[in-house]
Amino acid sequence: MAEEPCQCSDCQRFYKEHDRLIREFPTFKQQLELNWVSIQSFITLCNKVTHELQNELSERESAKDISLEERHISDTEITEALDELESVNAYIYSIEALMERIFDAKISNNIESKFKEIANELAPDPLNMDRLILNRLFHQNPDSPDKKNIS
Ligand SMILES: [Zn+2]
């Protein structure tokens, strides 16, 4: 017997988000753009935070009279975070470089239609009437694994 997928709140949030991204970005091109912009926003935010932390550290070095109480983030915490962010940065730029190669893929309009068709099967609109009725039936089933998560 196949194992039931995990129904903890984190996994449920993941399934929901996963399906939403398929539903709202149902073509190859849209998925590619979505992932590209997602990586770019991650890079932008990490770089900005890194920059701010570096500034904060150097300001502290030039003004050593700031009392320890005024620092809600310790020097050690900043130094460790900068190390972490440096390695994250290296990985994320590798992902970016790999993604650039996916942009070379050529997908015809007919195949894009196939993507849409499959996306619709994988993640139908939850506000679609048929789906709402189906969900209601599902939640009424006492054996339903997620009956405890009705909102
Ligand atoms: Zn889980």
Side-chain angles (χ1 to χ4, degrees), residues 1-57 68-69 71-151:
M1 195 179 122
E3 221 175 281
E4 278 293 330
C6 177
Q7 297 294 333
C8 78
S9 59
D10 281 347
C11 288
Q12 290 217 343
R13 203 159 41 86
F14 171 83
Y15 306 142
K16 209 174 145 193
E17 195 64 359
H18 175 272
D19 285 7
R20 184 181 70 81
L21 292 177
I22 290 181
R23 186 165 54 247
E24 293 180 11
F25 303 89
T27 67
F28 180 89
K29 186 166 185 279
Q30 285 174 313
Q31 283 292 325
L32 185 53
E33 286 173 354
L34 167 71
N35 283 284
W36 181 254
V37 77
S38 160
I39 286 175
Q40 298 306 322
S41 64
F42 197 13
I43 290 175
T44 304
L45 186 56
C46 286
N47 282 347
K48 182 69 183 166
V49 171
T50 301
H51 190 70
E52 292 284 317
L53 290 175
Q54 282 165 343
N55 278 353
E56 177 132 7
L57 258 195
L68 283 173
E69 290 76 41
R71 303 176 177 184
H72 62 280
I73 308 180
S74 73
D75 288 4
T76 324
E77 206 177 344
I78 292 182
T79 312
E80 283 171 4
L82 284 172
D83 284 345
E84 292 282 14
L85 287 171
E86 193 182 331
S87 62
V88 166
N89 215 28
Y91 289 130
I92 210 166
Y93 278 111
S94 310
I95 297 173
E96 185 191 34
L98 288 171
M99 271 210 80
E100 274 170 357
R101 305 180 68 165
I102 302 179
F103 275 100
D104 296 337
K106 298 277 173 284
I107 300 293
S108 73
N109 285 341
N110 282 338
I111 301 301
E112 284 290 33
S113 300
K114 193 72 186 164
F115 265 84
K116 276 188 191 165
E117 188 189 317
I118 303 288
N120 197 40
E121 285 169 18
L122 285 175
D125 184 355
L127 298 177
N128 171 295
M129 206 26 94
D130 292 345
R131 173 89 166 183
L132 287 177
I133 292 165
L134 206 70
N135 275 355
R136 195 166 311 134
L137 290 173
F138 184 62
H139 284 304
Q140 281 166 357
N141 178 352
D143 296 329
S144 154
D146 69 353
K147 66 179 192 297
K148 60 186 183 296
N149 291 301
I150 300 171
S151 51

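Indexing begins at 1, ligand by ligand and atom by atom, following the structure's order.
- Around the Zn ion (ligand 1), the protein N, O or S atoms closer than 2.8 Å are C6 SG, C8 SG, C11 SG, listed by chain and residue number.
- Sequence neighbours left out, the pairs with a member in residues 87-114 that pass salt bridge (Lys or Arg N to Asp or Glu O under 4.0 Å) are K114-E117.
- Side chain of Q7 to backbone of Q12: no donor-acceptor contact under 3.5 angstrom is found.
- Without hydrogens or angle criteria, N35 side chain to Q31 main chain gives a donor-acceptor distance under 3.5 Å.
- Side chains of L21 and L34 form a contact here, defined as non-hydrogen atoms less than 4.5 Å apart.
- E24 pairs by the salt bridge (Lys or Arg N to Asp or Glu O under 4.0 Å) definition with R20, not counting sequence neighbours.
- Residue pairs meeting the salt bridge (Lys or Arg N to Asp or Glu O under 4.0 Å) criterion with at least one partner in residues 29-53, sequence neighbours excluded, are K29-E33, K48-E52.
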